[in-house]
Amino acid sequence: MVNSQLIGIDVGGTAIKLGRFNPDGTCLQSLTVATPQPSTPEAVLAVMVDAIAQVDPYNQAVAIGVGTPGPADKTGRIAQIAINLPEWRNVPLADWLEAKTGKPTVIANDANCAGLAETWLGAGKPFQNLILLTLGTGVGGAIILNGQLFVGHEGAAGELGLITLNPDGPWCNSGNSGSLEQYASIKAIRRRTGKEPAELGALAAAGDQSALTFWQEYGRDLGVGLASLIYVLTPEAVIIGGGVSGSFKFFLPALKAEIEQRVMPTSRFRLQILPAQLGNWAGMVGAAKLASLVISHNRGNQEQGT
């Protein structure tokens with residue numbers, strides 16, 4: 001993949017982040033543009049095409065990866081649903097972008113892209129088996145098994161925030177009640193406290209006892225949810241990202257204590273719980289990695305004559 005530059009795109013409800021990368025992950029140029037409002041598929045496509053031309057003015061990139069806020073189909077062609085984007089139902093985004101740019105394109109859930117990014121260049125580099133949990137407006141997740149992103153037979157695996165934490169808990173848009181997302185997301189924190197996570201983090205840093213107690217309860221809830229995932233997947237690491245991870249140090253002790261209490265040592269042998277390293281750029285970086293995998297796959301097919 002010498003000189004095979006890649007474009008990674010992270011589509012969000014308020015902003016679209018793009019970057020042009022070398023195959024080793026070096027970002028050569030980046031750009032953030034506002035997501036059009038209303039953010040219909042056609043409007044977002046037009047903004048993306050214009051932004052791609054800006055971030056790759058000399059048409060050097062050979063493939064495009066896109067992270068969207070919702071599941072993609074197993075082929076990485078169709079955005080099945082995009083949370084917080086209107087009219088996004090089974091949008092053939094990869095086909096549309098290929099028609100506009102002439103470049104092979106693949107799409108994936110934005111949390112899966114973040115998982116790829118942390119495995120490639122971030123906190124997950126030393127590990128072959130890990131879980132990424134993104135604690136943001138919702139709770140997303142990614143599963144890396146034997147160094148590969150696991151998406152399941154139809155592409156929708158890894159919705160870690162939708163596991164049941166409390167069967168009698170608050171209703172979730174997924175149709176579940178008491179999902180982990182209803183206890184660990186930014187929306188849940190606002191509902192439970194009336195405050196923003198950053199405000200609670202600042203209060204905890206100043207020694208406010210009520211904020212410190214909240215983060216202990218938060219860590220305990222997160223530990224309960226992660227215990228089930230650890231038993232099933234026995235990862236080497238759990239990586240915590242998203243906006244709430246800014247208070248990682250305040251909820252980590254309770255989180256670790258809960259896991260140690262609930263998970264047998266054989267299922268958590270050498271388990272590490274780490275903060276993500278790539279921040280808000282993880283989705284864009286992971287999307288570029290996704291694009292590199294498509295190039296490798298296409299090249300392998302050509303060599304096999306398929």
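Annotation: side chain of Tyr218 is in contact with side chain of Ile189 (closest heavy-atom distance under 4.5 Å). Using a 4.5 Å heavy-atom cutoff, the side chains of Val139 and Thr134 are not in contact. When side chains are defined from C-beta on, Val263 counts as touching Tyr231, because their heavy atoms get closer than 4.5 Å. The side-chain heavy atoms of Ile16 and Thr32, taken from C-beta on, include no pair separated by under 4.5 Å. Side chains of Leu135 and Ser185 form no contact here, defined as non-hydrogen atoms less than 4.5 Å apart. Residues Leu28 and Phe21 are not in side-chain contact: their nearest non-hydrogen atoms beyond the backbone lie 4.5 Å or more apart. Contact check for Leu271 versus Glu236: no side-chain heavy atoms found under the 4.5 Å cut-off. Side chains of Trp281 and Lys17 form a contact here, defined as non-hydrogen atoms less than 4.5 Å apart.
Summarising the geometry of Ala157 relative to Phe150, their closest heavy-atom pair is CB-CE2, 3.7 Å, with the distance given to 0.1 Å. Considering all non-hydrogen atoms of both residues, Leu121 and Leu278 come closest at O-CD2, 4.3 Å. A pairwise comparison of heavy atoms in Ala204 and Ala211 identifies N-CB, 3.7 Å as the closest pair. Between Leu6 and Ser292, the shortest heavy-atom distance links the atoms CD1-CB, 3.5 Å. Here the shortest heavy-atom pairing between Cys113 and Leu290 reads SG-CD2, 4.4 Å. Minimum heavy-atom separation, Gly201 to Ser247: CA-OG, 3.4 Å.
Cluster membership check: Ile78 does not share its hydrophobic cluster with Leu85, using side-chain heavy-atom separations under 4.5 Å among Ile, Leu, Val, Met, Phe, Trp and Tyr. When hydrophobic clusters are built by joining Ile, Leu, Val, Met, Phe, Trp and Tyr residues whose side-chain heavy atoms come closer than 4.5 Å, directly or via intermediates, Ile186 is grouped together with Leu255. Residues Ile107 and Leu97 share a hydrophobic cluster, clusters being chains of Ile/Leu/Val/Met/Phe/Trp/Tyr side chains in contact below 4.5 Å.
Screening residues 177-193 for salt bridge (Lys or Arg N to Asp or Glu O under 4.0 Å) gives Arg190-Glu196, Arg192-Asp221 as the qualifying pairs, with residues at least two apart or on separate chains. Annotation: side-chain hydrogen bond (donor to acceptor under 3.5 Å, both in side chains) contacts involving residues 158-174, sequence neighbours excluded, comprise Thr164-Asn176, Asn166-Tyr183. Pairs engaging residues 77-90 under the salt bridge (Lys or Arg N to Asp or Glu O under 4.0 Å) rule: Arg77-Asp95, Arg77-Glu98 [sequence neighbours left out]. Residue pairs satisfying the salt bridge (Lys or Arg N to Asp or Glu O under 4.0 Å) criterion with at least one member in residues 51-73, sequence neighbours excluded, are listed as follows: Arg20-Asp56, Asp56-Lys103.
One finds a salt bridge joining Glu258 and Arg262 here, because a Lys/Arg side-chain nitrogen approaches an Asp/Glu carboxylate oxygen to under 4.0 Å.
For the atom pair CG (Asp50) and NZ (Lys100), the distance works out to 12.0 Å, reported to the nearest 0.5 Å. For the atom pair CG (Asn112) and CD1 (Ile143), the distance works out to 8.5 Å, reported to the nearest 0.5 Å. Atom CG of Leu226 and atom CG of Leu165 lie 10.0 Å apart (nearest 0.5 Å).
The salt bridge (charged side-chain N to carboxylate O under 4.0 Å, His left out) search around Glu199 returns none, not counting sequence neighbours. Residues meeting the side chain to side chain donor-acceptor pair (under 3.5 Å) test with Asn280, sequence neighbours left out: none.
With Leu93 as the fixed residue, the side-chain contact (heavy atoms from CB on, under 4.5 Å) test singles out one of Ile9, Val44, Val66: Val66.
The backbone N or O of Gly13 sits less than 3.5 Å from a side-chain atom of Gln37, completing a donor-acceptor pair. Proximity of a side-chain donor or acceptor of Trp215 to a complementary backbone N or O of Leu200 within less than 3.5 Å is detected.
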